[in-house]
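Okay, structure first, notes after.
Keep in mind that the numbers below use all heavy atoms, side chains included, and drop hydrogens, waters and symmetry copies. A, B, ... follow the sequence lines: proteins, then strands. Residue 1 opens every chain.
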2 protein chains.
Amino acid sequence: MDVTHVSETEPLGRLRKAGLRPTRQRLALARMLFSQGDRHVTAEQLRDEVAAEGARVSMATIYNTLHHFTRAGLLRHVVVDAGRTYFDTNTGHHHHFYVESEHRLIDIDGDTVRLASVPDAPPGRAIDSIDVIVRLKPDIRA
Amino acid sequence: MDVTHVSETEPLGRLRKAGLRPTRQRLALARMLFSQGDRHVTAEQLRDEVAAEGARVSMATIYNTLHHFTRAGLLRHVVVDAGRTYFDTNTGHHHHFYVESEHRLIDIDGDTVRLASVPDAPPGRAIDSIDVIVRLKPDIRA
DNA sequence: GACATTCATTAGAATTCTTCTAAATTAGCT
DNA sequence: AGCTAATTTAGAAGAATTCTAATGAATGTC
């Protein structure tokens with residue numbers, strides 16, 4: 001395979017740049033994750049998608065890979081639901097709607113939520129990140 | 001037992017007001033939860049505390065009770081960590097610091113975080129609640 | 001290109017947290 | 001006291017994730 005010229009947004013280039021060995025499994029997962037716009041996925045979803053494509057990737061590898069990608073800054077962890085971990089391919093500044101009834105996440109552009117004031121971190125601690133989660137329910141006024 | 005005059009902030013009155021049968025177990029849990037200021041607890045923590053007091057309450061009852069209390073508006077669910085559910089005795093308007101390294105929650109007064117703008121809910125949905133979580137890490141400038 | 005080394009993958013077991021089940025107990029009536 | 005519905009319980013079951021220890025694959029060296 002000719003790999004002399006690889007875009008940084010292609011799966012291979014992305015992995016290279018992140019210092020991750022491009023294995024068959026990682027390439028498959030990177031393709032699923034990064035070639036269809038911003039996504040919010042769970043490990044289980046990914047497993048099913050990958051399986052549907054005919055690729056064989058174990059659950060352990062899916063978890064390992066998601067964590068590797070997250071550490072490398074390719075993904076971001078989203079905590080909105082106990083007992084379900086979402087990974088977000090949008091690592092930029094933004095927040096989330098969470099449709100509880102459908103277990104579905106929707107991005108909110110970072111600038112749409114402006115914090116007029118942010119509390120100081122307690123002594124000895126620093127702010128790592130600020131998550132804003134807007135929980136949605138069905139609108140009753142049907 | 002004389003129950004003619006019961007404060008609404010005493011365990012018994014609290015349960016009565018919420019329409020919950022005051023059982024031995026619920027009274028014990030209510031006492032643990034509501035008589036030492038605002039708290040953030042997990043089911044496991046509560047189990048241990050109750051056990052330390054010598055009361056016998058099964059895990060199933062702890063979960064049942066926490067959920068009953070939450071439905072009754074006595075507690076609030078806090079999601080900050082996948083695979084760990086916190087219950088907050090402060091049901092008023094406020095947000096949270098989360099010290100990831102210690103799995104510890106700290107309240108942020110509701111007015112300390114002002115949202116300058118809030119996004120509109122997508123069509124057919126309404127905003128249920130807005131959570132702001134400020135994640136903390138140890139301050140490096142030791 | 002073969003070799004050695006290090007890193008990655010895997011199946012399945014194990015862990016953790018939470019919910020379920022079905023039987024026994026208890027609270028709140030009359 | 002006796003009735004009924006709500007509650008509690010131990011233990012099994014379930015769901016999501018991590019661990020283990022063995023196999024396999026990528027990379028650097030000659």
Note: for B:Arg24 and B:Glu44 on DNA chain C, the residue whose nearest nucleotide lies more 5' is B:Glu44
Separation of C:dA8 atom P from A:Leu66 atom CG, nearest Å, is 15 Å
- So does B:Tyr63 get a side-chain nitrogen or oxygen closer than 4.0 Å to the phosphate oxygens (OP1/OP2) of C:dT19? no
| task | Would you tell me if any nitrogen or oxygen in the side chain of B:Arg26 comes within less than 4.0 Å of OP1 or OP2 on D:dT7? | result | yes
Rounded to whole Å, the CZ-P distance (A:Arg47 to C:dT9) equals 17 Å
ask   = Should B:Thr85 be listed as having a side-chain N or O under 4.0 Å from OP1 or OP2 of C:dT18?
value = yes
- Query: Can the ring centres of B:His40 and B:Phe87 be said to be less than 6.0 Å apart?
  - Reply: no
TODO: Determine whether the side chains of A:His96 and A:His94 contain a donor N or O and an acceptor N or O closer than 3.5 Å.
DONE: yes
Quiz item: Between A:Asp81 and A:His103, is any side-chain donor less than 3.5 angstrom from a side-chain acceptor?
Solution: yes
Between OH of A:Tyr86 and C1' of D:dT17 the distance, given in whole Å, is 16 Å
Ignoring backbone atoms, test whether B:Gln25 places a side-chain nitrogen or oxygen under 4.0 Å from the OP1 or OP2 oxygen of D:dT9.
yes
From CG of B:Leu46 across to C1' of C:dC17 the rounded distance in Å is 15 Å
Query raised in the report: Base, sugar-phosphate alone, or nothing: which one does B:Thr42 contact when heavy atoms must sit under 4.0 Å apart?
Result: nothing
Backbone N/O of B:Val80 and side chain of B:Arg135: donor-acceptor pair under 3.5 Å:
yes
Which of D:dT7, D:dA16, D:dA26 is nearest the side chain of A:Pro22? It is D:dA26
Per the under-4.0 Å heavy-atom filter, residues of residues 54-62 of chain B near DNA chain D come out as B:Arg56, B:Val57, B:Ser58, B:Ala60, B:Thr61
Rounded to whole Å, the CZ-C1' distance (A:Arg16 to C:dC7) equals 15 Å
Result for 5'-nearest mapping on DNA chain C, choosing between B:Thr23 and B:His67, is B:His67
Verify the neighbour count for atom CZ of B:Arg56: are there more than 12 heavy atoms of other residues, nucleotides or ligands below 6.0 Å? no
Please work out which of the three classes, parallel, tilted or perpendicular, describes the rings of A:His93 and A:His95, given edges at 30° and 60°. perpendicular
Here the distance between atom P of C:dT18 and atom NE2 of B:His77, to the nearest Å, is 8 Å
Just checking, any donor-acceptor pair under 3.5 angstrom between side chains of A:Tyr86 and A:His77? no
A:Asn64 CG to D:dT17 P, in whole Å, measures 13 Å
Atom CG of B:Leu15 and atom P of D:dA6 are separated, to the nearest Å, by 17 Å
